[in-house]
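As structure tokens, the structure follows; a few thoughts come after it.
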2 protein chains.
Amino acid sequence: MNKINRKVEYALIGLKHMRSKQPGELTTIKELTALYGCPFEATSKVMQMLAGRGLVRSEQGAHGGYQLVKDLSRVSLYEVMEMVIGPVEIAKCLHGEPGGCDLRQSCNVVSPITLLNRRIIEFYRGLAVGELLDGRVAGPRSQPVELRGLVAEAGHQLSGVE
Amino acid sequence: MNKINRKVEYALIGLKHMRSKQPGELTTIKELTALYGCPFEATSKVMQMLAGRGLVRSEQGAHGGYQLVKDLSRVSLYEVMEMVIGPVEIAKCLHGEPGGCDLRQSCNVVSPITLLNRRIIEFYRGLAVGELLDGRVAGPRSQPVELRGLVAEAGHQLSGVE
DNA sequence: TTTAATTACGACTGTTTTAGTCGCAATTAG
DNA sequence: CTAATTGCGACTAAAACAGTCGTAATTAAA
Ligand code: FES
Ligand code: FES
């Protein structure tokens, strides 16, 4: 799916909050709900998803909580969205076979929409969460966030990637 | 809303079909359902919306139908989406007051999301439906489709527009 | 003048998605 | 042992989506 829904919002809220902590300092769900008013269980589950994907680390038990692991300037919005709501798809029609659109055979706009979907994904992949949270949302670049800084070493044959 | 849902799909299907007709030649809903398998009533309503907004023209009665009025290379995807599903909003949270998010007061990511929304809108505004249907989806440009070609006359002080 | 083909429009229904809740287990500091 | 916390699955309620139905209104043609 495509939209920034509640889950993504809670993820961003949590990430922004954790980013401002000292390294090693933990954040509890209780803390997030108190500060930002987001519902406990829902926020909890979102954090668990982020933890499962290694973006944050969880510590259980009495003084447990969550802790940011990665550098948000190296994490794309696409990755976060994918962690909490699955692969970005601008239209249900594009879905892999089961549940996919039944008009696919005769549809005259499948390829334009597929292409558009790719562009949107590129956009989200090129947008670092760190910059987004700082309010710096540049126009999209085709260069995915994960690869930034690797350009120098990787040389010029990057076109074959993916 | 943001997603390319069924309504938008039907609109694009119809537009692409009509675009290939001779000037003055009409297209009926029956024709569209026969060719592309889209449901009659739903498609019908979408065309009525496009007609109400002046993108297509309708002719009633026995040999009636719809006819493309505007040049699709001058119509942005944003405009079409807006005609059939209302203003593009990447997150419900941004909704104008009624129904808007109740966390707005305390939320720490309102402004990043607002900005992101603006970028997405810019993207859709910069994307001509004509080019999209031809499979030419370029990376986003900040120049809205409606203003293209006016650049030469308008000179260089376009930054103040909007 | 009648009939058939078509657009116009509102109300309605069923399905899917979203949002949030509940209950209980597992872990760990004190 | 107890309290605070994460971990997880099942569940419910509400909203959005997709499609249908019924009924006018319009017009070409028989
Ligand atoms: S693929 Fe689903 S309507 Fe075009
Ligand atoms: S404004 Fe709705 S959660 Fe941020």
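Numbered from 1 within each chain, the chains take letters A, B, ... in sequence-line order.
When each of C/dA19, D/dT20, D/dT6 is scored by its nearest atom to the side-chain atoms of B/P39, the top-ranked nucleotide is D/dT20. Comparing C/dT21, C/dT17, C/dT7 by their closest approach to the side chain of A/A42 singles out C/dT21.
Following rounding to the nearest Å, B/Y10 (OH) and D/dT20 (C1') show an atom-to-atom distance of 12 Å. If you take CZ of B/R6 and P of C/dT16, they are 12 Å apart, rounded to a whole angstrom. Going from atom CD of A/E31 over to atom C1' of D/dT5 covers 13 Å, rounded to whole Å. As a whole-Å value, the separation of A/L26 CG from D/dA4 P is 17 Å. Summarising the geometry, the separation between CE on A/M49 and P on D/dT6 is reported as 15 Å, rounded to the nearest angstrom. Per the geometry, NZ belonging to A/K7 stands 14 Å off P belonging to C/dT21, to the nearest Å. Per the geometry, CD1 belonging to B/I85 stands 11 Å off C1' belonging to D/dC17, to the nearest Å. Rounded to an integer number of Å, the gap from B/I29 CD1 to D/dT20 C1' is 16 Å.
No donor-acceptor distance shorter than 3.5 angstrom exists from the side chain of A/D134 to the backbone of A/R136, with no hydrogens or angles considered. When atom types are taken as modelled, the side chain of B/E131 and the backbone of B/A128 share no donor-acceptor pair closer than 3.5 angstrom.
Regarding contacts with the backbone of D/dG7, a side-chain N or O of A/S58 is found under 4.0 angstrom from either OP1 or OP2. In this structure, B/K92 reaches the C/dA19 phosphate: one of its side-chain N or O atoms is under 4.0 Å from OP1 or OP2. When the side-chain nitrogen and oxygen atoms of B/N5 are compared with OP1 and OP2 of D/dA18, one or more of them lie within a distance under 4.0 Å.
Considering only residues two or more places apart in sequence or on other chains, B/E25 meets the salt bridge (Lys or Arg N to Asp or Glu O under 4.0 Å) condition with none of them. Taking A/E41 as the reference, nothing meets the salt bridge (Lys or Arg N to Asp or Glu O under 4.0 Å) condition, with sequence neighbours excluded. Applying the salt bridge (Lys or Arg N to Asp or Glu O under 4.0 Å) test to A/K70 and every residue at least two apart in sequence or in another chain returns nothing.
Residue B/Y66 is tested with B/L15, B/L55, B/T28, B/I29 for a side-chain contact (heavy atoms from CB on, under 4.5 Å); the sole match is B/I29.
Following chains of ILVMFWY side-chain contacts shorter than 4.5 Å, one can reach B/M49 starting from B/V129, so the two form part of one hydrophobic cluster.
For the pair B/Y66 and A/F40, nearest-nucleotide mapping onto DNA chain C gives the more 5' position to B/Y66.
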Please produce a list of atom pairs where a protein N or O lies less than 3.5 Å from an N or O of nucleotides 21-23 of chain D.
unit_1, atom_1, unit_2, atom_2, d
D/dC21, N4, B/E41, OE1, 3.4

Under-3.5 Å N/O pairs linking protein and nucleotides 27-30 of chain D:
unit_1, atom_1, unit_2, atom_2, d
D/dT27, O2, B/A62, N, 3.1
D/dA28, O3', B/H63, ND1, 3.0

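Looking at A/E59 and A/R57, a side-chain N of the basic residue comes within less than 4.0 Å of a carboxylate O on the acidic one, giving a salt bridge.
Within the structure, every pair that satisfies the ring pair (Phe, Tyr, Trp, His ring centres under 6.0 Å) test and touches residues 8-64 of chain B, not counting sequence neighbours, is listed here: B/H17-B/Y36.
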